[in-house]
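Comments concern the structure below.
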Amino acid sequence: SLSDAIQLGLANNYGILISKGQEEIARNSNTFGNAGGLPTITLSAVQSNNWNDQDNPASFLNGVIETHSIRPAADLNWTLFNGFNLLANRERLGILERQSAGNTELIVQNTIEGIVLAYYNVVLQKENLKVLGDVKRLSRDEYAYVSTKTELGAAGTFDLLQAKDAYLTDSTNYINQQVQQRTAERALNTLLALPPDTGFIFTDSVLPQPEIFYLEVLKEAALANNQNIKLAYLDQELRRQDTRLQKSALYPSLSVAAGINDSRFNTIIDGENNFSGQPFVEENAGRTLNYFVNVTLSYRLYDGGKVRKAIENAQTQEAISATQTQQATQAVMQE
């Protein structure tokens with residue numbers, strides 16, 4: 001049935017599966033951290049080993065000086081304010097998520113439409129094949145009848161040739177219709193993401209159920225529910241957020257950085273005193289703990305007009321998106 005075909009298409013169609021994957025990516029990306037509202041914390045550790053083999057008569061001490069150290073560190077960086085960039089980014093990610101969901105819905109609608117058209121095309125081609133099969137059988141019977149009359153002398157050769165030509169023409173039409181039916185079935189199988197030669201028994205009739213539609217009601221429903229118009233409005237809102245992002249560069253930026261460094265070292269000296277000639281062996285261990293908190297306030301005074309041009313371009317793109325929304329609305333009304 002048509003309902004079964006739609007269910008298969010919604011479950012298997014490659015375009016829907018790809019769009020759902022992209023929707024999941026957009027949903028996962030819509031987080032406060034991706035918008036830039038959370039700090040970054042970095043942990044690191046550096047382990048160093050150094051050997052200094054010194055043989056210098058002018059030096060106080062000659063020998064091997066061996067130093068081992070380890071420096072673990074933790075750093076935090078957090079942008080507290082960057083010209084409302086965070087808010088614009090957060091809203092932009094939300095719009096991208098809704099836009100991705102809208103794209104999925106649009107693909108689902110287009111897929112259902114394609115399946116309905118392809119399904120009824122197969123049913124129509126089968127009906128045409130049935131009719132052409134009946135016509136071919138009638139032509140064959142007519143050719144056999146005229147052939148018998150010709151043998152009995154009741155019909156001429158011209159009549160026989162006419163009947164044969166009609167029979168061959170109807171046979172050719174029947175074969176061509178078989179090709180059209182197979183093509184229609186393969187097109188439907190492609191929409192259902194099934195092997196091209198998969199066969200089905202089609203149970204729904206090609207005759208639709210009559211329904212009454214009113215033009216004004218259809219217009220209101222189209223303006224309220226048409227997915228292309230919804231996506232156009234979402235794109236318009238997305239461009240508005242892009243303009244806000246560009247304007248955020250006009251404001252100062254405030255950030256904080258904090259960290260702690262713990263440096264531990266161990267020095268081993270194995271040598272001799274150049275002045276006394278006595279062996280000198282010593283091992284020393286030490287530690288240095290360093291922590292800091294830095295606050296940075298920055299403001300861009302001049303950048304050659306790059307920010308202003310970027311804002312103008314974003315505003316122009318916003319105007320283009322508004323025009324495209326009007327175009328999409330007009331296209332739906334024309335349809």
Side-chain angles (χ1 to χ4, degrees), residues 19 21-46 71-106 227-262 289-329:
S19 183
Q22 294 172 341
E23 182 181 349
E24 181 66 21
I25 292 174
R27 187 181 302 111
N28 291 335
S29 299
N30 185 16
T31 64
F32 199 68
N34 279 341
L38 297 178
T40 59
I41 300 176
T42 305
L43 299 178
S44 62
V46 178
R71 293 187 298 275
D75 296 285
L76 178 144
N77 291 279
W78 194 357
T79 300
L80 301 178
F81 179 77
N82 56 352
F84 307 104
N85 185 285
L86 169 62
L87 297 177
N89 257 330
R90 192 76 171 93
E91 293 185 19
R92 190 176 190 277
L93 290 174
I95 295 171
L96 287 175
E97 181 180 352
R98 297 199 303 273
Q99 190 179 57
S100 182
N103 287 330
T104 300
E105 185 174 347
L106 179 62
Q227 198 60 34
N228 285 319
I229 296 179
K230 289 182 178 180
L231 289 174
Y233 277 112
L234 282 175
D235 183 75
Q236 188 175 344
E237 181 62 26
L238 187 65
R239 301 309 169 192
R240 188 176 297 114
Q241 297 305 321
D242 289 340
T243 302
R244 289 184 61 189
L245 286 173
Q246 296 299 334
K247 287 183 177 180
S248 66
L250 298 176
Y251 294 87
S253 176
L254 179 64
S255 62
V256 60
I260 182 171
N261 299 295
D262 185 7
L289 184 63
N290 178 40
Y291 41 88
F292 63 91
V293 176
N294 299 325
V295 178
T296 303
L297 176 65
S298 61
Y299 181 72
R300 183 181 306 177
L301 292 178
Y302 182 72
D303 64 351
K306 293 181 180 179
V307 172
R308 295 292 181 184
K309 292 299 181 183
I311 294 174
E312 291 177 4
N313 291 337
Q315 291 173 336
T316 302
Q317 188 61 50
E318 187 178 340
I320 292 173
S321 181
T323 304
Q324 290 173 338
T325 301
Q326 296 176 356
Q327 184 183 26
T329 303

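Numbering starts at 1 and runs along the sequence shown.
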* **Distance (rounded to the nearest 0.5 Å) between Asp242 CG and Asn89 CG** => 9.5 Å
* Structure fact -> Closest heavy-atom pair, Leu43 versus Ala74, reported as atoms and distance to 0.1 Å, is CD2-CB, 3.5 Å
* Structure fact -> Interatomic distance, OG1@Thr329 vs OH@Tyr233, rounded to 0.5 Å, equals 5.0 Å
* Asked: Got Gln315 and Ile311 here, is their nearest side-chain heavy-atom distance under 4.5 Å?
  -> yes
* Heavy-atom side-chain contact between Asp303 and Arg308 under 4.5 Å -> no
* Going by atom types alone, do Arg90 and Asn34 pair a side-chain donor with an acceptor below 3.5 Å? -> no
* Is atom CD of Glu24 surrounded by more than 12 heavy atoms (other residues, nucleotides or ligands) closer than 6.0 Å? -> yes
* **Minimal non-hydrogen separation, Ala88 against Arg244, with atom names** => CB-CB, 3.9 Å
* **Tyr291 atom OH, neighbour heavy-atom count above 12 within 6.0 Å** => no
* Before accepting this row, confirm whether a basic side-chain N of the pair Glu23/Arg27 lies closer than 4.0 Å to the acidic partner's carboxylate O. => yes
* To do: Apply side chain to side chain contact (heavy atoms under 4.5 Å, CB included) to Leu106 and Asn228, showing your working.
  => CA-CA 7 Å; Leu106 179 62; Asn228 285 319; 3.4 Å; yes
* Asked: Side chains of Ile320 and Arg239: closer than 4.5 Å at any heavy-atom pair?
  -> no
* To do: Give a yes or no on this: more than 12 heavy atoms of other residues, nucleotides or ligands lie within 6.0 Å of atom NZ of Lys230.
  => yes
* Asked: Is it true that a side-chain atom of Thr325 and a backbone atom of Ala232 form a donor plus acceptor pair closer than 3.5 Å?
  -> yes
* Report yes if the side chains of Ile95 and Arg98 come closer than 4.5 Å at any heavy-atom pair, otherwise no. => yes
* **Heavy atoms from other residues, nucleotides or ligands near OH of Tyr302 exceed 12 (cutoff 6.0 Å)** => no
* Which atom of Phe81 lies closest to which atom of Tyr251, heavy atoms considered -> CE2-CB, 4.2 Å
* To do: With the side chain counted from C-beta on, respond yes when Leu231 and Asn103 share a heavy-atom pair under 4.5 Å apart, and no when they do not.
  => yes
* **Distance-only donor-acceptor check, side chains Asp235 and Ser321, under 3.5 Å** => yes
* Asked: Does the Ser248 side chain pair with the main chain of Leu245, one donor and one acceptor, at a distance under 3.5 Å?
  -> yes
* Structure fact -> Smallest heavy-atom separation, Ser29 atom then Leu93 atom, equals O-CD1, 3.5 Å
* Atom CG of Asp75 and atom CG of Asn261: how far apart are they, to the nearest 0.5 Å? -> 6.0 Å
* To do: Give, for atom CD of Gln246 and atom CG of Asn85, the distance between the pair rounded to the nearest 0.5 Å.
  => 9.5 Å
* **Rounded distance (nearest 0.5 Å) linking atom CD of Glu237 with atom CD of Glu318** => 8.5 Å
* Asked: When rounded to the nearest 0.5 angstrom, what is the spacing between CZ in Arg300 and NZ in Lys306?
  -> 8.5 Å
* **Shortest non-hydrogen contact between Leu250 and Tyr299, atoms and distance** => O-CE1, 3.2 Å
* Shortest non-hydrogen contact from Ala26 to Leu96? -> CB-O, 4.0 Å
